[in-house]
Amino acid sequence: MMKTSLLRQAAASRVALVARPAQVAFRASSAALALSRPSRNVAAVYRFTPSLLRLYSSESAAEQLSTDAAPGPISRFEDLSRLNVHEHIVRAITQDMKYETMTDVQTMTIRPALLGKDVVAQAKTGTGKTLAFLVPVIQRIIDADPDLARPSRGRKSCDNIRAIVMSPTRELAEQIGVEARRLCKGTGVIVQTAVGGTQKNMMLRKTRIEGCHLMVATPGRLHDLLSDPSSGIAAPNLAALVLDEADRMLEVGFKLELENILTLLPDRSSVPRQTLLYSATLPKNVVGVARQFINPTNFEFVQTVKADEVPTHERVPQFIVPCRGFENVAPTLLELIRREGSSAGQPIKAIVFLPTTAAVITYSRMFRSLRYDDRSIPRVYEIHSRLAQGQRSRSADEFRQASSAILFSSDVSARGMDFPNVTHVIQMHLPRDRDTYIHRIGRTGRAGKEGKAYLLAADIEIPAARSRLPGLPIQRCTDLESASIDVSKASTLPETFIQIQQASDKVGYELKQEAYRAFLVGAFSEVDTRELVTECNNMAKYTWGMEEPPAVSPSTARLVGVSAGLRIADIPAPRKPHGGSYGGGSYGGGGDRRDDFERMERVAQSESRRGGRKPPATF
DNA sequence: AAAAAAG
């Protein structure tokens, strides 16, 4: 009897595993939702482990099965009380944040995480992963020290941090910190944020006065604090470690730093520690690397994206605009922004991604100058690592608040950033890889909202775009006039070209020179180098208004690999932002193999097999 | 080498 009921619950839970972001869910009726989210989109990878079954059996089955469409496990935030989540946390979610219904990833991970299991979770962008890991982490801090259920006035300590959340970028860490603080309102749990580019001494003073139970950090600053005994910051009883954007954090470049940090944390064999790994993308490298982070006897692997399902949202249409040459790309952007801003009837709030920092600076200056003469262009913001941290935070905050604006961005904001109501994500030139493309377009269409994604790429980039972006529903968009004009033949250029050229006058020579160099070196490895030089020269001439191609140094010319078409001269070496000692790493293997590991392996293998066999690009 | 992440 019990067994049948559990099976029915399992079946019911599968029915409910529908992409259903919270904000849509409580506005639309459940009938409408059932219609709008057909069951073939259901992504059900869910295992009933013994511990979970025990928990299910201890609950009222009748309550969970009140209707056929009953959501099975906890699916409403108010029901978290039944899992003994503190009322202050539940209230923060349901009353302050105004969320009612959980998303799949929240339904599927909060309970096992509350039980102390390790979790590896993949869920689409904008489906509430942050809340999914913060709730159990904060609750377990309270479980371990019930005094923290309410604000305490006792002595504050910063040498007994209970949980650490790590993020690959500073703004994302700040954003997670803000959300964590909202959740902790009314409790005694103290959240601190530790990121680079901020005043360490200020942060330390604040942390010593206020204390710290949950630290949200970027790797460099965290390592700095933990390795410095005089900081007073310590985590001898660390109970939880979260890697947000886990696949990114485990990439070469971050992984070594991560391992250094691990050596500064208590050994898991003496201090049991829960590890939570979350991301929208889960390439196979995570599987090999996750092995050394995860407890193989007590962990849950949750995917709300099926292995063969497109990891982007159906409601966000994706377009590629083939541009005749590099010189057509910026005018096409201008035309697109004008068109989408007026025709759609709603003001445009767009993020424009570019492959290099120099290009981000160049184009944000150009569009700021355009806006000076044409107020129909929305306000322009920029964000990239060469900005002072105060500026970066200000850009992010102001863009967050804006109802209409354009944010020119490097990949700092490709992942995790939650800017509300972004209407368009526009990528100029190729994204570095498929996952970057997926995370970038994930800045729109969040929490059930609509959005559009455009990729502006020159004709010579299209073959590389096809090979980098297989298996994605990208359609060709050919109705932008600026994209197809042949500037060498046209007797009169469209207005967009004229305006872009005028705006280029406001950009300094050195910056254009630097952007030119950055375009040439490295970012388009699949593109024939001689053709790339021709394209960059055309861009310099026709859209940046330069009489002749900017000079490059002999060493740059060597890097490019050809000299034809380049103007080589002895110029100062390109400036390098201060370099750290981030380096490569290697991962070891071995260890136990349990069911979830095997499943992760299978997913990884099928993923790598599909690597060559993903449905070919359709554009 | 192209982003990022400590000063």
Side-chain angles (χ1 to χ4, degrees), chain A residues 166-174 193-204 216-228 231 233 243-245 247-261 264 351-362 382-389 392 408-417 427-433 435-437 439-440 461 464 468 514-527 529 532 536 552-553 555-561 573-585:
Chain A
M166 276 199 271
S167 139
T169 66
R170 297 166 181 175
E171 289 75 23
L172 182 53
E174 301 277 9
T193 306
V195 299
T198 57
Q199 291 214 19
K200 195 168 105 182
N201 281 329
M202 293 277 280
M203 183 271 173
L204 279 176
V216 186
T218 45
R221 178 55 64 85
L222 181 65
H223 183 268
D224 186 15
L225 293 174
L226 290 174
S227 61
D228 173 11
S231 74
I233 304 270
L243 301 190
D244 196 13
E245 309 297 342
D247 55 328
R248 179 76 186 91
M249 299 300 288
L250 296 171
E251 268 175 33
V252 172
F254 272 117
K255 190 167 167 285
L256 196 66
E257 185 83 354
L258 216 58
E259 283 165 350
N260 288 336
I261 290 170
L264 301 169
I351 306 181
V352 178
F353 285 103
L354 283 146
T356 67
T357 299
V360 173
I361 304 173
T362 303
E382 66 183 283
I383 190 163
H384 47 80
S385 66
R386 234 190 267 172
L387 241 36
Q389 188 52 37
R392 279 171 63 166
F408 285 89
S409 178
S410 68
D411 281 327
V412 255
S413 28
R415 284 173 174 262
M417 293 307 295
Q427 311 188 46
M428 296 175 77
H429 302 282
L430 296 181
R432 50 186 19 79
D433 51 45
D435 287 346
T436 301
Y437 173 90
H439 284 277
R440 282 170 164 189
E461 299 175 87
R468 287 188 195 186
E514 202 186 330
Y516 174 86
R517 178 193 180 275
F519 264 106
L520 280 173
V521 204
F524 305 101
S525 52
E526 305 99 316
V527 175
T529 313
L532 182 63
C536 288
V552 296
S553 69
S555 62
T556 297
R558 270 196 303 279
L559 270 176
V560 177
R575 70 185 280 276
K576 263 274 177 211
H578 57 77
S581 56
Y582 299 96

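Dashed line: the shortest gap from a side-chain N or O of A:S525 to OP1 or OP2 of B:dA1 is not under 4.0 Å. Between A:R415 and B:dA4 there is no side-chain polar atom (N or O) within less than 4.0 angstrom of OP1 or OP2. Using a 4.0 Å cut-off, some side-chain N or O of A:T357 falls inside it from OP1 or OP2 of B:dA3. Side-chain nitrogen and oxygen atoms of A:T436 include none within less than 4.0 Å of the OP1 or OP2 phosphate oxygen of B:dA3. Contact annotation: A:S409 does not reach the phosphate of B:dA3 (side-chain N/O to OP1 or OP2, under 4.0 Å). Residue A:R170 places at least one side-chain N or O closer than 4.0 Å to OP1 or OP2 of B:dA6.
Each of B:dA6, B:dA5, B:dA1 was ranked by its minimum atom distance to the side chain of A:H223; first place goes to B:dA6. Closest approach to the A:E251 side chain among B:dA3, B:dA6, B:dA4 is made by B:dA3 (side chain taken as heavy atoms from C-beta onward). Comparing atom distances between the A:R221 side chain and each of B:dA3, B:dG7, B:dA4 picks out B:dG7 as nearest. Comparing atom distances between the A:T356 side chain and each of B:dA3, B:dA1, B:dA4 picks out B:dA3 as nearest.
Side chain to side chain, A:T556 and A:R517 meet the donor-acceptor criterion of an N or O pair below 3.5 Å.
Taking the side chain to side chain donor-acceptor pair (under 3.5 Å) definition, one finds that A:S227 meets it with nothing, sequence neighbours left out. Remark: A:S231 engages no residue in a side chain to side chain donor-acceptor pair (under 3.5 Å) (not counting sequence neighbours).
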